[in-house]
2 protein chains.
Amino acid sequence: MPDAADPAPMNAPSRRKFRREGEERRRQDLIEATLDCVAEYGLQGATLRTIALRAGVTAGLIRHYFPGKEELLQEAYSALVGRMTEQAKAALVMGDASPRQRLAAFVTANLNAPIIDARVFSLWATFLGRANADLTLAHAHREGYLGFRNEVEAVVAEVLAAEQRRPDASQLRHHAIAINAIIDGLWIEGCLAGEMFSPGELAAIGIKAVEAELGLAPLEHDPEK
Amino acid sequence: MPDAADPAPMNAPSRRKFRREGEERRRQDLIEATLDCVAEYGLQGATLRTIALRAGVTAGLIRHYFPGKEELLQEAYSALVGRMTEQAKAALVMGDASPRQRLAAFVTANLNAPIIDARVFSLWATFLGRANADLTLAHAHREGYLGFRNEVEAVVAEVLAAEQRRPDASQLRHHAIAINAIIDGLWIEGCLAGEMFSPGELAAIGIKAVEAELGLAPLEHDPEK
DNA sequence: AGGCTATTTATACACTTGCACAACAAGGCC
DNA sequence: GGCCTTGTTGTGCAAGTGTATAAATAGCCT
């Protein structure tokens with residue numbers, strides 16, 4: 001079978017063989033390669049040549065799909081943020097479950113793989129480190145953060161409503177901010193030092209902390225499940 | 001009076017005037033300039049020439065104090081981590097105060113300036129983004145994190161002891177992890193979007209969340225202060 | 001004052017980077 | 001099959017990078 005990785009069997013000026021891919025596919029591959037390089041080598045190590053090598057193309061091709069490196073990085077970050085918030089929110093769509101169960105499932109989902117992931121954390125931190133200087137990054141993050149917090153606030157409202165409690169807007173906001181912080185903080189700890197925690201431990205800590213924040217009475221013996 | 005910033009008043013091959021500084025002072029200045037450049041331009045923008053310009057010297061001098069750029073960055077990160085943990089722990093040394101008051105003061109100190117600071121966050125995120133690949137960075141962070149968490153755990157133990165409660169080691173550890181996450185999460189929110197919160201709001205949220213985590217009964221009307 | 005030494009400057013160099021552009025060929029269309 | 005579009009390659013270039021090293025001078029010692 002043909003081996004594409006054959007460097008130069010002939011001394012003739014042989015050109016590299018290639019295949020034409022669809023535009024969407026190539027853009028996707030380039031963005032993924034960019035994220036890989038940023039995660040592994042940082043922004044400084046993510047050069048056009050390294051990215052192209054990872055994507056299996058040559059550097060010149062990048063300029064055919066992106067105006068410049070800047071735009072490639074921005075699109076890569078957008079893709080990352082989109083994937084992260086999408087995954088996080090997906091844990092909330094559970095058909096038949098009590099609000100409290102949904103909240104617990106949400107916390108659990110955010111404190112286990114694949115959301116707890118060293119590569120994603122590396123990307124998150126690397127890009128966010130530039131948020132001060134790059135308004136585009138700052139804006140993209142702000143959007144994602146507020147979206148996430150609003151989701152949290154909505155579930156909190158449901159949970160408290162189910163408990164016959166009527167928090168005002170300010171209390172609701174504070175609960176959402178605190179719970180968001182709990183999840184973020186535990187997420188960071190898990191990503192940076194996952195091996196320090198036993199499986200499920202972070203999620204257990206998170207659920208207890210969140211329920212304490214909301215003043216929910218602890219369940220006695222898990223009545224039905 | 002003599003102006004040191006005069007570029008070249010003569011067409012003669014004039015050399016730049018300079019002053020000899022003490023070794024410690026120069027190293028300190030170079031490290032500070034490095035942190036400034038990393039915070040503003042990221043790791044890729046922190047070039048030797050930019051750093052030297054910021055420090056008011058020429059690029060070649062850096063090699064006189066540091067073996068290479070790598071070592072300069074590592075020392076800069078060590079200095080940053082040292083300063084951060086030092087500041088954070090400093091909030092715990094209060095002579096006459098109840099454990100609960102000390103805990104509240106600790107949370108408050110960590111959720112206000114100068115610990116809530118966009119520049120420091122930028123540095124923290126930028127360096128941590130490389131922790132996956134750079135074992136030196138990972139180790140330095142791990143040390144700082146565990147030190148911080150142990151401080152938290154010690155105060156938590158005091159607070160609970162004052163409340164006649166006897167948590168076991170596992171519970172204590174979980175409390176420390178959760179409280180650490182709360183502080184970290186709120187710290188990030190404050191650094192990234194400080195203007196979204198009114199002054200003292202984050203600290204108030206943090207204190208309430210921490211006390212809820214520990215199951216402390218809320219104070220009624222602040223009895224004495 | 002005059003020399004000595006170590007700090008500091010300035011220049012050189014090999015290498016990498018992002019970008020521009022010309023040559024080329026893959027694959028659809030007639 | 002033969003052509004034509006355009007995705008793709010390869011090369012070149014100017015700017016910038018970290019490092020090496022020689023030249024200069026600031027400030028102390030006597």
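Because the structure is a prediction, the values reported are computed rather than measured. In the text below, chain A, chain B and the rest are named by the order of the sequence lines, each starting its count at 1.
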Tell me whether the OP1 or OP2 atom of [N] has a side-chain N or O from [X] closer than 4.0 Å.
| X | N | answer |
| --- | --- | --- |
| B:H64 | C:dT7 | yes |
| B:R26 | C:dT8 | yes |
| B:Y65 | C:dT8 | yes |

Could you state the atom-to-atom distance from [atom1] of [X] to [atom2] of [N] in whole Å?
| X | N | atom1 | atom2 | value |
| --- | --- | --- | --- | --- |
| A:L30 | D:dT8 | CG | P | 9 Å |
| A:R63 | C:dG18 | CZ | C1' | 9 Å |
| B:E70 | D:dG18 | CD | C1' | 12 Å |

Using a 4.0 Å cut-off on heavy atoms, which residues in residues 34-62 of chain B reach DNA chain D? List them by number, or say none.
B:T47, B:L48, B:R49
What is the ring orientation for B:Y77 with B:F127, classed by angle as parallel under 30°, tilted 30 to 60°, or perpendicular over 60°?
tilted
Heavy atoms under 4.0 Å, any strand shown: does B:E23 hit a base, just sugar-phosphate, or nothing?
nothing
Ion pair [X]/[Y], N-O distance below 4.0 Å:
| X | Y | answer |
| --- | --- | --- |
| A:R102 | A:E158 | yes |
| B:E24 | B:R26 | no |
| B:E143 | B:R149 | no |
| A:R142 | B:E195 | yes |
| A:R119 | A:D36 | yes |

Regarding A:E153 and A:H175, do their side chains bring together a donor and an acceptor under 3.5 Å, going by distance alone?
no
Using a 4.0 Å cut-off on protein heavy atoms (strictly under), produce a 5'-to-3' string for nucleotides 25-30 of chain C with B for base contact, S for backbone-only sugar-phosphate contact, and - for none.
BBS---
Extract all donor-acceptor atom pairs below 3.5 Å that involve side chains of residues 79-94 of chain B and protein atoms in other chains or at least two apart in sequence.
| unit_1 | atom_1 | unit_2 | atom_2 | d |
| --- | --- | --- | --- | --- |
| B:R83 | NH2 | B:E32 | OE1 | 3.2 |
| B:T85 | OG1 | B:V81 | O | 3.2 |
| B:T85 | OG1 | B:G82 | O | 3.1 |

